[in-house]
Amino acid sequence: MSVERNPDRSRRHFLSLLAGGSVLAVAGASFARPALINPCRAAIPVALLDSPWLRQAWAGIDPAGVWDCHVHLAGLGDGGSGIEIGPQLSTPLKPVHYAQRLFYMNAGCAHDAPGKVDTAYVARLLNLCDAMPEGFKVMLFAFAHFHDPAGQAHPEHSAFYVPNAWAAKLAREFPARFEWVASLHPYHASAVDELQQAIADGACAVKWLPAAQGMDPASAQCDAFYRVLAASGIPLIVHCGEEKAVQGSDTQAFGNPLRLRRALDAGVKIVVAHCASMGSDVDDDGSTRSSFDLFLKAMAEPRARNLLYGDISAITLRNRQPAVIRTLLQRTDLHSRLLYGSDYPLPGILPLISSATLARTGLLPKAAVADLNALREHNPLLFNFVQKRLLSWQGHSFSAAVFDTRRIFARTG
């Protein structure tokens with residue numbers, strides 16, 4: 001799966017496509033040109049590997065327990081993957097979303113491989129994993145189409161589509177580094193049969209993004225799906241809170257963490273992606289509260305005991321509040337229910353994360369910033385892990401349990 005690249009030519013093309021300021025809507029601020037482009041450097045320099053910050057990050061961690069539980073597959077469908085790119089991401093006539101796609105592909109170092117983007121993306125991800133200790137794995141997400149209430153798929157309302165078959169194929173071919181996560185719409189007529197097949201094919205979880213895919217977790221239409229999930233013990237990973245990166249239809253309210261109660265009452269194990277760390281939703285009394293506060297409320301309910309978790313992917317992005325990180329660090333009582341995830345390829349989008357800003361807010365050691373920035377240019381996957389291991393506030397860091405994710409997702413049967 002080797003890939004030949006011409007970085008200089010591809011960067012010039014990439015920057016020209018970002019002309020007109022559309023990058024500002026993606027990054028949320030203005031940045032100098034060198035801060036925009038992931039240089040996609042290869043092997044990590046030996047001197048950087050010897051950094052005390054990298055050594056500290058793995059102290060007390062069993063790499064075999066670290067399954068990055070939030071990793072996206074991307075591509076153009078040019079490698080037999082079956083991936084589809086929807087209209088909102090495929091036309092320059094929608095410059096903000098088009099620029100987002102360019103950033104994703106640059107972050108995955110696949111933007112400069114015409115005709116073999118799908119395989120280039122996977123090859124880069126495997127290379128990043130090779131720099132991790134033996135036993136470390138990533139969980140690859142499939143992504144279903146948007147469906148209407150009658151269970152009909154609508155590709156025209158879908159930002160992209162990643163088939164379960166592609167994610168499953170990669171996990172079979174590279175079992176030392178990849179697990180896979182199915183994406184199935186519960187309203188579809190064959191949803192239960194497809195879920196049972198995905199479980200038989202080794203899926204370690206199911207992923208939903210309600211705001212983009214159109215499922216309401218509080219709907220009775222999900223009950224049959226929930227019964228199979230509960231009986232199998234397969235976790236359901238659900239994006240809660242506001243969704244900016246992927247749009248489907250006017251269904252943002254489906255991301256309210258409180259709408260997960262029906263699934264919890266059915267006995268489904270649920271992981272709230274990003275700990276619902278962005279946006280606001282409606283509370284039981286009709287008031288509007290931050291989605292993160294409602295996530296914490298749901299976590300405290302008796303029905304959530306031993307069933308509800310949150311992943312810490314995306315919490316270090318610029319569009320998240322430092323208060324979220326501080327709260328999660330201080331809530332050591334929740335650490336056994338928090339799970340490590342990177343949201344790859346987002347850590348490779350340079351404008352989205354600033355270690356220097358986190359250091360200025362007291363969440364990272366200032367002395368670690370230079371090494372983190374250098375590491376990110378070579379391996380954003382390892383960068384994300386090290387950065388989150390170094391986060392601290394008033395003496396509190398994420399415990400080793402947060403990074404022991406295999407315990408939640410490993411199949412026992």
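Note that this is a predicted model, so its numbers are computed, not measured.
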*With a 4.5 Å limit on heavy-atom distance, are the side chains of Val138 and Phe178 in contact?*
yes
*Approximate separation, where rounding is to 0.5 Å, of Asn306 CG and Arg337 CZ*: 7.5 Å
_To the closest 0.5 Å, what do you measure between CG (Leu236) and NZ (Lys207)?_
10.0 Å
*Does Ser219 reach the main-chain N or O of Cys222 with its side chain, forming a donor-acceptor pair under 3.5 Å?*
no
_Test log, rule side chain to side chain contact (heavy atoms under 4.5 Å, CB included), inputs Phe136 and Arg177_ = CA-CA 7 Å; Phe136 170 89; Arg177 290 302 190 184; 3.7 Å; yes
*Asn38 side chain to Ile349 backbone, donor-acceptor under 3.5 Å*: no
*Answer yes or no: is there a donor N or O on one side and an acceptor on the other, between the side chain of Tyr309 and the main chain of Ile237, under 3.5 Å?*
no
*Give a yes or no answer on whether the side chain of Asp148 reaches the backbone of His154 with a donor-acceptor pair at less than 3.5 Å.*
no
*asked:* Which heavy atom of Asp118 sits nearest to which heavy atom of Gly79, and what is that distance?
replied: OD2-N, 3.1 Å
*Side chains of Arg318 and Ser354 in contact at under 4.5 Å (non-hydrogen atoms)*: yes
_Less than 4.5 Å apart, side chain to side chain, heavy atoms only: is that true for Phe398 and Leu328?_
yes
_Asn319 to Met278 - nearest heavy-atom pair and separation_ = ND2-SD, 3.6 Å
_Full working for side chain to side chain contact (heavy atoms under 4.5 Å, CB included) between Cys129 and Phe174_ = CA-CA 11 Å; Cys129 288; Phe174 305 101; over 6 Å; no
*Looking only at atom types and distance, does a side-chain atom of Tyr161 sit under 3.5 Å from a main-chain N or O of Gly82, one as donor and one as acceptor?*
no
*asked:* Quick check against the 3.5 Å criterion: does Arg407 have a side-chain atom that pairs as donor or acceptor with the backbone of Ala401?
replied: yes
*For Met215 against Leu184, the heavy-atom pair lying closest together*: CE-O, 4.3 Å
_We want to know whether Ser342 and Asn384 form a side-chain donor-acceptor pair, criterion being a heavy-atom distance below 3.5 angstrom._
no
*asked:* Testing the basics here: between Leu381 and Leu125, what is the closest heavy-atom pair and its distance to 0.1 Å?
replied: CD2-CD1, 4.2 Å
*Step by step, work out the side chain to side chain donor-acceptor pair (under 3.5 Å) result for Gln213 and Ser183.*
CA-CA 10 Å; Gln213 294 173 321; Ser183 188; 3.2 Å; yes
*Please walk me through it: do Lys137 and Arg406 pass side chain to side chain contact (heavy atoms under 4.5 Å, CB included)?*
CA-CA 9 Å; Lys137 291 188 179 187; Arg406 183 180 185 274; over 6 Å; no
*Output yes when a side-chain donor or acceptor of Ser392 lies under 3.5 Å from a complementary backbone atom of Ser397, and no otherwise.*
no
*In terms of the angle between their ring planes, are Phe385 and Phe403 parallel, tilted or perpendicular, with boundaries placed at 30° and 60°?*
perpendicular
*Hey, are the side chains of Leu73 and Leu170 touching, using non-hydrogen atoms and a 4.5 Å cut-off?*
yes
*With no hydrogens and no angle check, is any side-chain donor or acceptor of Lys169 less than 3.5 Å from a backbone partner on Ser81?*
no
*When rounded to the nearest 0.5 angstrom, what distance separates OH in Tyr187 from CG in Asp216?*
5.0 Å
_Test side chain to side chain donor-acceptor pair (under 3.5 Å) applied to Ser313 - qualifying residues, sequence neighbours left out_ = His70, His274, Asp311
*Would you indicate whether the side-chain heavy atoms of Trp180 and Asn164 approach each other to under 4.5 Å?*
yes
_Between Trp166 and Leu140, is there a side-chain heavy-atom distance shorter than 4.5 Å?_
no
*Over 12 foreign heavy atoms within 6.0 Å of CD, Gln321*: no
*asked:* Quick one, Glu179 with Phe409, criterion side chain to side chain contact (heavy atoms under 4.5 Å, CB included). Give me CA distance, side-chain angles, the key distance, then yes/no.
replied: CA-CA 9 Å; Glu179 297 285 337; Phe409 298 103; over 6 Å; no
*For Asp293 and Ser290, what are the C-alpha separation, side-chain angles and deciding distance, and is it a side chain to side chain donor-acceptor pair (under 3.5 Å)?*
CA-CA 5 Å; Asp293 283 345; Ser290 76; 3.2 Å; yes
*Can you check ring-ring contact (aromatic ring centres under 6.0 Å, His included) on Trp208 and Phe225, steps first, answer last?*
CA-CA 12 Å; Trp208 285 358; Phe225 201 87; 5.6 Å; yes
*Rounded to the nearest 0.5 Å, what's the gap from CG on Leu260 to CZ on Phe254? Could you check?*
13.0 Å
*Out of curiosity, Arg289 CZ to Asp283 CG, how far, rounded to the nearest 0.5 Å?*
5.0 Å
*asked:* Checking the side chain of Gln387 only, and the main-chain atoms of Phe383 only, is there a donor and an acceptor separated by less than 3.5 Å?
replied: no
*Under the 3.5 angstrom rule, does the side chain of Asn256 hit a backbone N or O of Asp281 as a donor-acceptor pair?*
no
*Count the heavy atoms of every other residue, nucleotide or ligand shown that sit under 6.0 Å from CZ of Arg303, and state whether that count exceeds 12.*
yes
*Under a 4.5 Å cut-off applied to non-hydrogen side-chain atoms, are Pro380 and Tyr344 in contact?*
yes
*Report yes if some heavy atom in the side chain of Phe292 is under 4.5 Å from a heavy atom in the side chain of Ile315; otherwise report no.*
no
*Ser232 and Leu229: which non-hydrogen atoms are nearest, and at how many Å?*
OG-O, 3.0 Å
*Got a sec, which residues hit salt bridge (Lys or Arg N to Asp or Glu O under 4.0 Å) with Lys366, two or more places apart in sequence or on another chain?*
none
*Taking only residues two or more places apart in sequence or in another chain, which ones pass side chain to side chain contact (heavy atoms under 4.5 Å, CB included) with Ala400?*
Ile61
*Shortest non-hydrogen contact from Asn379 toward Leu128*: ND2-O, 3.1 Å
*asked:* Let's go through Asp284 and Lys297 carefully: what are the C-alpha distance in whole Å and the side-chain angles of both, what is the deciding distance for salt bridge (Lys or Arg N to Asp or Glu O under 4.0 Å) to 0.1 Å, and is it a yes or a no?
replied: CA-CA 11 Å; Asp284 295 312; Lys297 176 177 178 174; 2.8 Å; yes
*asked:* Once rounded to the nearest 0.5 Å, what's the spacing between atom CZ of Phe146 and atom NE2 of His185?
replied: 7.0 Å
